[in-house]
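Just below is one structure, and these are the notes that go with it.
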Amino acid sequence: MAYIITNHPENSVAKQPNTPENNTNSDSDLSRMNAEILLVGRFHALTLCRAVLFCLFTGFEIIHAIYGFHTSSSMTIMLFSIISPWILEAVLSPHIKKTAVVLPFLRKHYHYSSLRYAANNICFFLCCLLLILWQRHNSYPVYPFEWLYRAPSIFLFIIASLRILLSLFLPGHIRRRMLHGKM
């Protein structure tokens, strides 16, 4: 296929002739690719936040076991964060429409689907609500450390700030990995 090169300042790049096979809108393809990378990055941020929350709850329970305390609030929220995405996927499946796949290898690599993203997003907000309720109705035994009384607020701050930061960072990281051929 021949390229047309012009010497005009506004048209100094090589262009393909306007034929039916070249008449694709590359700007819309690029914007769809960027939108999909953003969605996959946000989904990956949600899954990482869920893993961090699980680790925080596990550490909290280990501290409780060392000092001989028992609370059911942390275990309830931890189990809710593990089980609720599966339940929400079953509930939301008739209501969530499948989106057009632009980068199938990216979706497969991060196990992304619009249904899983919606379920994990709702689960994240419900876990945040449960952490707020846990902090508000906090009735613990006497702890040796003051920060253990504020554990739900600390957990909420950590996962909320982590989600914001990862949602900003991960799409750029995914683009760099794609650019260097590591996916």
Side-chain angles (χ1 to χ4, degrees), residues 35-99 101 103 105-174 177 182-183:
E36 188 157 330
I37 290 171
L38 283 173
L39 282 174
V40 171
R42 288 179 190 155
F43 174 73
H44 192 53
L46 280 171
T47 56
L48 290 175
C49 286
R50 210 168 108 207
V52 167
L53 185 63
F54 180 78
C55 292
L56 289 172
F57 279 132
T58 303
F60 186 76
E61 287 300 318
I62 289 171
I63 290 171
H64 272 224
I66 290 171
Y67 288 106
F69 299 129
H70 174 70
T71 60
S72 61
S73 301
S74 61
M75 289 300 280
T76 304
I77 298 173
M78 184 168 68
L79 289 174
F80 178 80
S81 71
I82 294 170
I83 296 170
S84 65
W86 294 331
I87 295 169
L88 285 171
E89 282 182 28
V91 170
L92 294 175
S93 63
H95 304 290
I96 302 294
K97 296 179 182 175
K98 292 186 179 183
T99 57
V101 179
L103 300 168
F105 65 92
L106 187 65
R107 287 181 178 223
K108 184 177 179 183
H109 182 74
Y110 288 104
H111 307 287
Y112 172 82
S113 72
S114 55
L115 177 63
R116 290 187 75 198
Y117 176 71
N120 281 332
N121 201 17
I122 292 171
C123 175
F124 177 80
F125 286 117
L126 290 176
C127 285
C128 288
L129 178 67
L130 289 174
L131 284 171
I132 291 169
L133 291 174
W134 180 27
Q135 181 64 53
R136 182 162 171 86
H137 301 288
N138 200 351
S139 60
Y140 287 123
V142 178
Y143 283 131
F145 304 112
E146 179 67 29
W147 65 270
L148 287 173
Y149 289 106
R150 304 281 178 233
S153 297
I154 294 169
F155 294 171
L156 181 64
F157 176 76
I158 289 171
I159 65 167
S161 59
L162 191 63
R163 178 167 181 198
I164 292 168
L165 291 174
L166 287 175
S167 293
L168 296 173
F169 171 73
L170 284 176
H173 177 71
I174 291 170
R177 288 191 64 186
K182 293 182 180 177
M183 264 196 229

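We use all heavy atoms of the structure for the numbers below, so side chains are in, but hydrogens, waters and symmetry mates are not. Each residue takes its place number in the sequence, starting with 1.
Nearest heavy-atom pair across T47 and H44 is OG1-O, 2.8 Å. Of all heavy-atom pairs between F155 and L56, the closest is CZ-O, 3.6 Å. Of all non-hydrogen atoms in R50 and N120, the two that sit nearest each other are NH1-OD1, 3.1 Å.
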From CA spacing to verdict: side chain to side chain contact (heavy atoms under 4.5 Å, CB included), Q135, L156: CA-CA 10 Å; Q135 181 64 53; L156 181 64; over 6 Å; no

Intermediate values then yes/no, side chain to side chain contact (heavy atoms under 4.5 Å, CB included), F43 and S113: CA-CA 9 Å; F43 174 73; S113 72; over 6 Å; no

Candidate pair I122 and L92, rule side chain to side chain contact (heavy atoms under 4.5 Å, CB included), full reasoning: CA-CA 10 Å; I122 292 171; L92 294 175; 3.6 Å; yes

Stepwise side chain to side chain contact (heavy atoms under 4.5 Å, CB included) check, Y110 with L106: CA-CA 6 Å; Y110 288 104; L106 187 65; 3.7 Å; yes

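Aromatic ring orientation, F60 versus W134: perpendicular (interplanar angle above 60°, classes split at 30° and 60°).
No donor-acceptor pair under 3.5 Å is formed between the side chain of S167 and the backbone N or O of I164.
Atom CE of M75 is separated from atom OG1 of T58 by 8.0 Å, given to the nearest 0.5 angstrom. With values rounded to the nearest 0.5 angstrom, I83 atom CD1 is found 10.5 Å from M78 atom CE.
Under 3.5 Å, the side chains of N121 and R163 contain a donor-acceptor pair of N or O atoms.
Residue pairs meeting the salt bridge (charged side-chain N to carboxylate O under 4.0 Å, His left out) criterion with at least one partner in residues 55-77, sequence neighbours excluded, are absent. Sorted by first and then second residue, the salt bridge (charged side-chain N to carboxylate O under 4.0 Å, His left out) pairs involving residues 62-90 (not counting sequence neighbours) are E89-R116.
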